[in-house]
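A short worksheet on the structure shown next.
Only heavy atoms go into these numbers, but all of them, side chains included; no hydrogens, no water, no symmetry mates. Positions are given from 1 along the sequence. These numbers were taken from a predicted model, which means no experiment stands behind them.
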Amino acid sequence: QDAIAKLEAIKPKPDVKVAAFKPDARIVRVDLQNGLVTLDVGTKDHVYRGLTFAIYQNNAPIPEDGQGKAEIEVFQVGQQVSVARIIRSDKRNPIVPDDLVVNLIWDSKSSNQFVVIGDFDINQDGRIDPDGNAQIKELIERWGGKIVDDITIDTDFVVVGIEPVIPIRPTQDDLDADPTAFQRYETARQKSEVYNKFLTKAGSLRVPVFSQKQFMYLIGYDTLAAKLTSNK
């Protein structure tokens, strides 16, 4: 047992996030002049308008933060192929046919299971959005993913937001001034407890965990999300 423990400590652990980076489509054609990309997936693969993808360089490590070299959005869908507009790209590192096309949520053959925990700041203004958690769940379900309430061996991915902040336990004077103070404290404490329990469970079951930023990058939606929230 001691030898096994020492071996576990020194050998590299398998990357549990590898499944998230498997290609979902292949680039058939790139038209940089018009900002278009043709993919080898269409209605037969359940592709639809508005679906976004992140583009990663082939044969290169996926960045730790999940940011790809480009983001594309499908606007025209045929039976065998679809056409997407380039939403964001780098002129110094343009999209090429060998690049990886990835969306963490969408899958042509199955429905991935997600657990969403924590609070979210969707528009990145430094303040928690009251409906941020619901927005993430709605996006997952809209793009074919399935939301589950608990982490099991069948859970594919966990999207984790900001840990709920526990306020200072209210004193009697606080309760006299605001009878609801203890209820708010207790609710926040329970949310924080669930948050940390789920993180521990995800680690023990080796379920990939992604932050809000990583999640947005891995579905190719970060640029569009910023535009949509800034226009509200």
| What do the steps show when you test Thr52 against Glu71 for side-chain hydrogen bond (donor to acceptor under 3.5 Å, both in side chains), and what is the final call? | CA-CA 7 Å; Thr52 60; Glu71 295 177 349; over 6 Å; no
| Do Val41 and Val81 have side chains that get closer than 4.5 Å, going by heavy atoms? | no
| query | Charged N to carboxylate O under 4.0 angstrom, Asp99 versus Lys69? | reply | yes
| said: Can you tell whether the side chains of Arg127 and Asp121 come within less than 4.0 Å, N to carboxylate O? | reply: no
| field | Short N-O contact, Asp90 and Arg92, less than 4.0 angstrom | value | yes
| query | Between Lys137 and Glu141, is there a side-chain N and carboxylate O pair less than 4.0 Å apart? | reply | no
| request: Any chance you could measure Leu36, atom CG, to Ile72, atom CD1, to the nearest 0.5 Å? | output: 10.5 Å
| When the aromatic ring centroids of Trp143 and Tyr221 are compared, is their separation below 6.0 Å? | yes
| task | For residues Phe210 and Phe215, establish whether the separation of their ring centroids is below 6.0 Å. | result | no
| said: Within this structure, what is the NZ-CG distance for the pair Lys146 and Asp156, rounded to the nearest 0.5 Å? | reply: 10.5 Å
| query | Taking only residues two or more places apart in sequence, or in another chain, which ones meet Lys197 in a side chain to side chain contact (heavy atoms under 4.5 Å, CB included)? | reply | none
| message | Quick test of your reading of the model: are Arg184 and Asp178 salt-bridged, counting only N-O distances below 4.0 Å? | response | yes
| Gap between atom CE of Met216 and atom CD of Gln214 - 0.5 Å precision | 12.5 Å
